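Below you'll find the structure, written out as structure tokens, and then a few comments.
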Amino acid sequence: MDYNFNNIEKKWQKYWEDNKTFKTPDDLTNPKKCYILDMFPYPSGAGLHVGHPEGYTATDIYSRYKRMKGFNVLHPMGWDAFGLPAEQYAIQTGTHPSITTKNNCDTFRRQIKELGLSYDWDREINTTDPKYFRWTQWIFIRLYNTWFDDTIQKGRPISELQVPDDIRKKGPAETVKYIDSRRLAYYDNAQVWWCPNCRIVCANEEVLNDGSHEKCGHRVEKKNLKQWMLRIPLYAERLLKGIDTVDWPEGIKDMQRNWIGRSTGAEVDFSVEGLAEKLTVFTTRPDTLFGATYMVIAPEHPMTGQITVKEHADAVNDYIKASSLKSDLDRTDLAKEKTGVFTGRYAINPVNNKRIPIWIADYVLTGYGTGAIMAVPAHDTRDFEFAKKFNLPVICIQDPDVQDSEQKARILEGNECWTEDGKYINSSDKSTGIDINGLNKEAGIQKIIKWLESRNLGTARINYKLRDWLFSRQRYWGEPFPVIHWEDGEISLLDDKELPLMLPDLEKYLPGDSGESPLSNADMWLTVTDAKGRKGRRETNTMPQWAGSCWYYLRFIDPKNDQLIFDHEKEKYWMPVDLYIGGAEHAVLHLLYSRFWHKVLFDLGIVSTDEPYMKLFNQGMILAFAYETETGMKIPADQVVEKEGKFYHGEGGPLLRQIVAKMSKSLKNVVNPDDVTSKYGADSLRLYEMFMGPLDVTKPWDDKGVKGVFNFLGRTCRFFGSLENIYEGPEDPEVLKGLHHLIKKAEGDIENLRFNTAISAMMIFLNLATKKGKVSHDTACQFAKVLAPFAPHLAEELWQILGNKNTLAYEPWPVYNEEYLKEDNFEYPVSFNGKMRFSILLPVSMSKEEITKAVLADDRAKKWLGGSAPSNIIVVPNRIVNIVVKN
RNA sequence: GCCCGGAUGGUGGAAUGGUAGACACGCAGGACUUAAAAUCCUGUGACCAUAACGGUUGUGCGGGUUCAAGUCCCGCUCCGGGUACCA
């Protein structure tokens with residue numbers, strides 16, 4: 001039978017759709033459940049990219065396999081469809097973003113369906129659908145009404161928050177202020193990055209290192225705006241601990257840990273000459289207090305005004321102004337050159353009562369720790385650079401653990417910085433009574449913290465890099481906040497019954513002039529009046545794109561529920577997600593934000609698991625070949641001519657180098673999945689994406705490679721689709737062995753997401769079957785089953801040709817029989833001194849002694865021994881023989 | 001700078017410490033064909049050698065552990081990703 005993939009694929013896609021083959025039954029009685037999730041895409045106007053099907057095919061193979069293993073499988077797909085491109089298109093053309101979004105979703109859906117992916121389309125969700133974002137708003141209300149109880153490390157309803165009496169006495173305004181200060185969501189002024197080009201606020205994460213906006217490349221500025229923020233750092237410890245409980249790649253776990261950035265140390269209070277107020281610093285090295293020769297506070301520190309003495313005020317103000325104008329670019333570029341200014345004032349070092357100068361410098365950040373540091377130039381490289389530049393004293397207080405005596409001398413003299421361990425010197429003071437001389441780092445830190453705490457000078461402290469999450473955007477195309485700002489200053493949230501709060505239709509989508517979102521133009525929508533006639537204005541910010549993707553996996557469980565966010569019995573059954581596959585670019589933000597929301601929902605009893613995603617896997621990026629000249633100039637792929645395996649810039653042009661690069665329009669090396677499916681079919685595309693290499697590595701796309709799997713499918717079709725190759729009766733032992741070997745291999749490989757080697761095993765079996773010329777009907781059916789998760793269209797077709805009536809999507813996965821895999825003989829490689837010289841076929845049952853005897857009796861062994869006696873013989877049964885000869 | 005990966009034929013890649021290069025592409029030769037495409041068969045790391053056998057060498061570089069190292073340990077080089085003065 002010819003391999004007519006077009007007919008076969010259309011036929012089976014229609015069959016699956018008509019029969020709702022992959023509709024997940026709402027059967028909560030099957031104890032074997034498996035929730036297999038893809039990171040749902042943002043449906044861009046460009047359509048599907050070959051990177052998308054990589055992860056989708058992997059989860060599809062896994063899903064189909066699990067169904068055949070008798071699992072109840074939840075495998076849904078949806079759209080993360082809020083986002084800027086549709087809004088910018090609306091600004092340009094006046095087309096409502098919902099129309100653009102719908103069109104893009106339709107394209108994506110069509111393309112995905114053409115790949116034969118076994119999604120339950122009845123569960124399709126769309127973050128822009130009011131029936132969906134109603135619940136996103138609902139979760140926001142929960143966040144607003146939750147506080148974090150540090151003592152039990154748990155989020156609790158705000159109604160359970162005890163307001164201290166001294167605050168209650170100050171009146172209702174102070175009480176509200178106190179309560180607001182504990183909510184997980186709060187509204188406050190925040191200095192944010194502002195992109196003048198897009199006229200939107202950008203999250204820190206969206207600003208690139210060079211100070212440009214990730215989306216448009218324009219330089220961003222700082223701007224003060226009222227913003228919604230989420231107190232994610234309160235969950236830092238929980239987020240950190242949870243990482244240890246999930247089956248994720250270690251690299252991703254590390255990235256999350258680093259992002260949370262826990263560091264232990266101490267807060268130390270320094271008294272300031274002439275001021276009542278103390279200056280508090282955070283340090284991870286309180287043990288180096290004796291080496292603190294100056295202090296630095298951030299330019300944005302609230303005490304800069306008080307600390308700066310008159311004579312230095314001008315210089316300080318100039319410096320603060322200058323640094324406030326700096327973008328990240330400047331701060332990074334100037335990282336090599338430290339800047340700073342002296343305030344004229346001195347602090348007192350608590351360990352020895354010495355006066356040390358207070359400086360202002362922008363290498364100290366306002367958002368981390370207390371925004372102030374004690375500088376220990378002898379043992380911190382940044383402080384060292386600064387001290388050298390401004391001629392501040394460097395006092396070495398640790399005898400370094402180094403051999404090099406010259407280096408040791410330089411360190412002791414304060415001419416080189418030492419950040420490793422060593423025994424303390426110069427670290428005692430009679431007047432204060434502290435002495436850590438002779439101790440090493442760990443003991444020194446313990447002793448100093450104890451001392452500080454006993455004197456109320458400081459306290460042990462844990463700090464996190466993780467910052468509050470800026471949770472609002474000045475955009476139209478996002479979830480509206482269910483929030484009203486009343487004229488008397490009160491903020492109130494909508495009642496659950498009033499959800500969803502819809503987006504108003506607009507004439508124009510341009511942002512408001514002051515940086516407000518386009519919603520500020522929607523007068524009718526904007527103003528509200530309560531029963532008492534009080535006027536209010538709706539929140540004009542909308543939520544960031546993260547909001548919808550933070551919890552979508554939960555809605556898939558019960559996507560059409562109008563009464564509840566989801567049915568709780570269903571949630572208990574399906575959660576957690578068993579396998580989650582997506583790109584590593586979401587390793588930190590999406591996964592961290594999503595885990596945070598999930599933990600809040602868990603604390604409130606809305607979900608039943610502490611972590612949402614049990615096993616995570618990141619597919620590698622798919623790159624493409626690109627071409628460059630000797631000098632490294634990139635040449636678009638359409639100008640390249642291939643001749644005898646070499647590449648030239650045009651006919652007769654200069655020789656080019658083939659390199660591997662990201663697919664890009666400028667390099668003209670973008671591969672469109674539609675082109676691949678029209679030429680080779682969806683099964684070939686699927687198979688090639690999996691055959692290219694391990695799922696998690698980045699790998700280049702090679703059109704020639706598709707041919708390999710296409711050939712395999714063609715040969716499969718011609719062999720198993722031709723009934724003259726199939727007979728009724730017992731199977732040949734060699735074929736039987738090959739088949740069961742394949743079943744075992746494919747099963748293990750699918751479980752471990754090693755699809756490339758599973759496909760190779762199928763090719764090996766096909767080669768064997770072709771060589772034999774005929775296989776039994778049973779063998780053919782088993783093979784179709786193994787093929788089914790990978791190339792489902794062709795597998796269904798073969799299954800039908802072989803006389804079966806139903807879809808094989810739910811046929812039981814074949815069981816391999818170890819009996820068939822048993823070998824009578826093993827071909828022993830015989831090495832001499834580790835070098836393989838010849839092999840010898842021996843029965844597997846042979847004892848070590850017999851093997852030794854048989855090998856030594858062989859003429860070839862005699863040749864390699866050359867008359868001398870072996871000094872050692874290592875026999876590993878069914879593996880190897882190694883003979884050691886001394887010469 | 002720091003953190004995390006990676007380096008194996010012409011190419012993508014395979015290999016529980018135990019026969020390096022499975023499988024596939026490409027290439028070469030052959031069959032079929034008037035011819036081409038498609039398909040099928042054979043060969044294919046490099047080097048030396050041969051009528052045939054065979055041998056040497058080989059997993060980025062330098063050391064080490066081991067009977068045995070692509071795999072484990074130490075020290076580098078290069079490439080990719082993440083991150084940016086986090087006290």
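Every heavy atom of this structure was used, including side-chain atoms; hydrogens, water molecules and symmetry mates were not. In this text the structure is predicted, and so the values were computed from the model without any measurement. Throughout, a chain's letter reflects where its sequence line sits, starting with A, and its residues are numbered from 1.
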For B:rG55, does OP1 or OP2 lie under 4.0 Å from any side-chain N or O of A:K863? yes
Measure from the side chain of A:M836, starting at C-beta and using heavy atoms only, and say which of B:rG13, B:rA22, B:rU19 lies closest. B:rU19
Partner nucleotide of B:rA28 by Watson-Crick or wobble geometry (both distances under 3.5 Å): B:rU42
NA contact type, A:K465, heavy-atom cut-off 4.0 Å: base, sugar-phosphate, or nothing? base
A:R257 side chain N/O closer than 4.0 Å to the phosphate oxygens (OP1, OP2) of B:rC4? no
So what does A:S263 touch, heavy atoms closer than 4.0 Å: a base, only the sugar-phosphate, or nothing? sugar-phosphate
So A:N463, base contact, sugar-phosphate only, or nothing? Heavy-atom distance under 4.0 Å. nothing
Under-4.0 Å salt bridge between A:D749 and A:K745: yes
In the structure shown, which nucleotide is the Watson-Crick or G-U wobble counterpart of B:rU71, with both distances under 3.5 Å? none
Give A:S839 one of three labels, base, sugar-phosphate or nothing, depending on what nucleic acid heavy atoms sit under 4.0 Å from its own. nothing
Could you tell me how far apart A:L623 (CG) and B:rU11 (P) are, to the nearest whole angstrom? 17 Å
Charged N to carboxylate O below 4.0 Å: is that the case for A:E724 and A:K774? no
N or O in side chain of A:R837 less than 4.0 angstrom from B:rU56 OP1/OP2: yes
Hey, does A:I874 reach any base, or is it just sugar-phosphate, or nothing, if we go heavy atoms under 4.0 Å? base
Does A:V876 reach a base, just sugar-phosphate, or nothing at all? Heavy atoms under 4.0 Å. base
Now, which nucleotide makes the Watson-Crick or G-U wobble pair with B:rG58, with each of the two distances under 3.5 Å? none
Base, sugar-phosphate, or nothing for A:K253, non-hydrogen atoms under 4.0 angstrom? nothing
For A:W248, which contact category applies under a 4.0 Å heavy-atom criterion: base, sugar-phosphate, or nothing? nothing
Please check if the distance between the ring centroids of A:F5 and A:Y680 is under 6.0 Å. no
Which nucleotide, B:rC3, B:rC85, B:rC67, lies nearest any side-chain atom of A:N258? B:rC3
Students often get this wrong, so: under 4.0 angstrom with heavy atoms, is A:Y828 touching a base, only sugar-phosphate, or nothing? nothing
Remember a base hit wins even if backbone is also touched, and classify A:D702 as base, sugar-phosphate or nothing at under 4.0 Å, heavy atoms. nothing
A:N711 vs B:rC25: side-chain N/O to OP1/OP2 distance below 4.0 Å: yes
Kindly say whether A:D421 contributes a backbone atom to a donor-acceptor pair with the side chain of A:W418 at under 3.5 angstrom? yes
Sticking with atom P, work out how far B:rA69 lies from B:rC85, rounded to a whole angstrom. 46 Å
I'd like to know if A:D383 and A:K388 make a salt bridge, using a cut-off of under 4.0 Å between side-chain N and carboxylate O. no
